[in-house]
Amino acid sequence: VLVVVAAIAAMFWRSGILQRNLTALDINGTKYTAVDLQYYYNSIYNEQERNYAFDSSTSVKRQVYDETTGQTWYDHLMDLAVEQLTRNTALAQQAQSEGYTLSEDAQNAMAATLAQLDTVWISSNMPSRDAFLRANFGSYINYDRFVSLINLEFTATDYAQSKLDAIEHPESDYQTYYQEHADELDTVTFSQITFRASVPSTDSDGNAIQRTDAETSAALEELKPDQKALAEEVRSKLEQGADVEDLIEEYSEHLYTSTVSRGYTSADLTYFPYNEWLLESGRREGDITVVESAAGASAYYYYVAVFEDRLRDEENSHSVRHILLRAGSGNETPTQEQYDEAEQKAQDILDQWKAGEATEDSFAALVSANTNDTASASTGGLYADITSTSGYTEAFRDWATDPARKEGDVDLVKTEFGWHIMYYVSNNDPIWRQSVTAALQNQDYLDLADSAAQGWTISRGMGMSFISA
């Protein structure tokens with residue numbers, strides 16, 4: 001009898017009846033099932049995973065988010081999912097009570113999302129549309145429920161944006177926010193010369209070298225002193241007044257990478273092992289440091305950094321779209337013939353664009369089928385926040401930041417990668433000001449959503465136990 005009961009229970013579980021019917025979250029009387037909450041949980045999980053917030057190879061239930069409280073990453077992600085679903089519910093209900101209808105832009109965006117779904121499951125090698133939805137948003141979701149959930153999202157977001165657009169912050173709000181967050185908003189300019197000790201994984205014939213962990217560690221220790229000596233040698237020459245660019249040329253056969261007078265905002269600085277040194281309040285032009293950093297078991301880095309400046313960069317930023325026609329394979333310096341071939345292809349595509357609508361949208365539509373730049377293929381070739389100190393290849397950067405540039409400008413630009421078909425999108429506020437605008441709008445959004453949900457009660461139900469982590 002127990003075996004039969006267990007089999008029935010298992011069948012009942014697999015059917016999804018419980019997941020689709022038991023209440024997981026009650027938001028002031030509006031009941032959501034595990035299917036609904038799983039959609040929000042998965043969306044937030046995927047976003048955090050893309051930002052490498054946690055180790056995706058290990059269950060988030062076994063990873064600690066807050067060492068003080070012991071809260072796991074699962075609990076944190078679930079809290080975020082509950083908060084977002086609550087805000088969307090409150091905003092959508094307030095929109096409905098005011099008789100708000102989706103703007104034309106929002107309707108078009110929602111229609112485009114659903115239209116994309118009709119093709120993305122094929123390109124993702126899924127057997128069906130519903131299979132794609134289940135793989136991304138939970139095992140028991142179906143198309144109708146997905147449409148209902150994104151309709152809630154679009155309604156809440158579009159309504160909120162209509163309110164946020166009506167808010168104008170005075171200049172004093174910008175200045176106050178900047179003073180309180182200068183470390184996050186300032187641009188730091190510095191140069192860097194990097195040396196790397198690295199244990200080779202193959203021999204001179206390309207055959208894999210088999211080593212134990214201990215042997216790899218011993219081999220790395222033998223290589224480190226020479227690279228450290230080079231870093232200290234460069235530091236000494238810099239302290240004696242040597243020019244960074246001259247040293248890069250002098251040590252070109254030994255260094256791993258180098259950058260000269262590159263500007264980075266706080267968000268970018270997090271990737272540098274000496275970011276705290278750069279942001280110290282007493283930092284002065286010409287300050288030099290050597291910082292060591294391990295990179296796995298087989299590599300070790302020595303960074304020589306020269307601080308140049310820290311300021312609130314008032315330079316306007318720029319947005320462009322581009323289509324890259326790579327010259328050659330990308331693995332070696334292209335020949336002139338390969339450059340000529342890439343240029344002709346670029347010219348043909350540009351002529352095709354000019355013969356059509358010749359708009360930004362029509363340019364973006366050509367990108368995915370023609371560009372060799374995989375990083376921007378899915379965004380219509382868009383690159384934003386480009387300034388004169390951005391780390392793009394020189395010809396690309398100079399074209400984008402040319403003061404004479406006007407919206408809609410197009411041209412062909414040659415770089416070491418090949419030929420770029422360039423489209424100038426816009427001249428924008430300085431990056432620091434864009435960051436403040438986004439922060440102020442985010443706070444306005446939270447205030448609006450919290451006000452809409454003021455006095456509401458939120459309770460978690462039995463359906464929570466069916467959320468898959």
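Computed from a predicted structure; not experimentally measured.
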Apply side-chain contact (heavy atoms from CB on, under 4.5 Å) to the pair Val64 and Gln71, showing each step before the final yes or no. CA-CA 6 Å; Val64 176; Gln71 184 186 39; over 6 Å; no
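- Looking only at atom types and distance, the side chain of Gln179 has no donor-acceptor partner in the side chain of Gln175 under 3.5 Å away.
- Formation of a donor-acceptor pair under 3.5 Å by the Thr157 side chain with backbone atoms of Phe154 is not found in this model.
- Using modelled atom types, no side-chain atom of Thr72 and backbone atom of Arg62 make a donor-acceptor pair closer than 3.5 Å.
- For Thr58 and Asp55, the side-chain atoms include at least one donor-acceptor pair closer than 3.5 Å.
- Partner of Arg310 under the side-chain hydrogen bond (donor to acceptor under 3.5 Å, both in side chains) criterion, chosen from Thr189, Asp183, Thr187: Asp183.
- Note on Glu47 versus Arg50: no salt bridge recorded, every NZ/NE/NH1/NH2 to OD/OE distance being 4.0 Å or above.
- For the residue pair Thr216/Asp213, the side-chain donor-acceptor check at 3.5 Å is not satisfied.
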Show me the donor-acceptor pairs within less than 3.5 Å that the side chains of residues 289-302 make with the rest of the protein, sequence neighbours left out.
residue: Glu292; atom: OE1; partner: Tyr300; partner atom: OH; Å: 2.9
residue: Glu292; atom: OE2; partner: Lys228; partner atom: NZ; Å: 3.3

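- Applying the ring pair (Phe, Tyr, Trp, His ring centres under 6.0 Å) rule to Tyr392 yields the partners Tyr383, Phe396; only residues at least two apart in sequence or on another chain are considered.
- Within the cation-pi definition used here (under 6.0 Å to the ring centroid, within 45° of the axis), Arg312 qualifies as a partner of Tyr178.
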Before you tell me yes or no, could you show the steps for Glu184 and Trp432 under side-chain hydrogen bond (donor to acceptor under 3.5 Å, both in side chains), namely the whole-Å CA-CA distance, both residues' side-chain angles and the distance that decides it to 0.1 Å? CA-CA 9 Å; Glu184 303 165 24; Trp432 79 267; over 6 Å; no
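- A cation-pi arrangement is absent between Arg145 and Tyr39, since the terminal nitrogen or guanidinium carbon is not both under 6.0 Å from the aromatic centre and inside a 45° cone about the axis.
- Between the side chains of Thr415 and His420, a donor-acceptor pair is found at a separation under 3.5 Å.
- Using a cut-off of 4.0 Å between Lys/Arg side-chain N and Asp/Glu carboxylate O, Glu221 and Lys224 are scored as salt-bridged.
- With hydrogens and angles left out, the side-chain atoms of Thr86 and Thr89 include no donor and acceptor closer than 3.5 Å.
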Yes or no on salt bridge (Lys or Arg N to Asp or Glu O under 4.0 Å) for Asp309 and Arg262, after CA distance, side-chain angles and deciding distance? CA-CA 10 Å; Asp309 200 4; Arg262 188 74 55 80; over 6 Å; no
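- A salt bridge does not link Glu308 with Arg283: every distance from a Lys NZ or Arg NE/NH1/NH2 to an Asp or Glu carboxylate oxygen is 4.0 Å or more.
- Looking at Ser465, its side chain does come within 3.5 Å of a backbone N or O of Met462 through a donor-acceptor pair.
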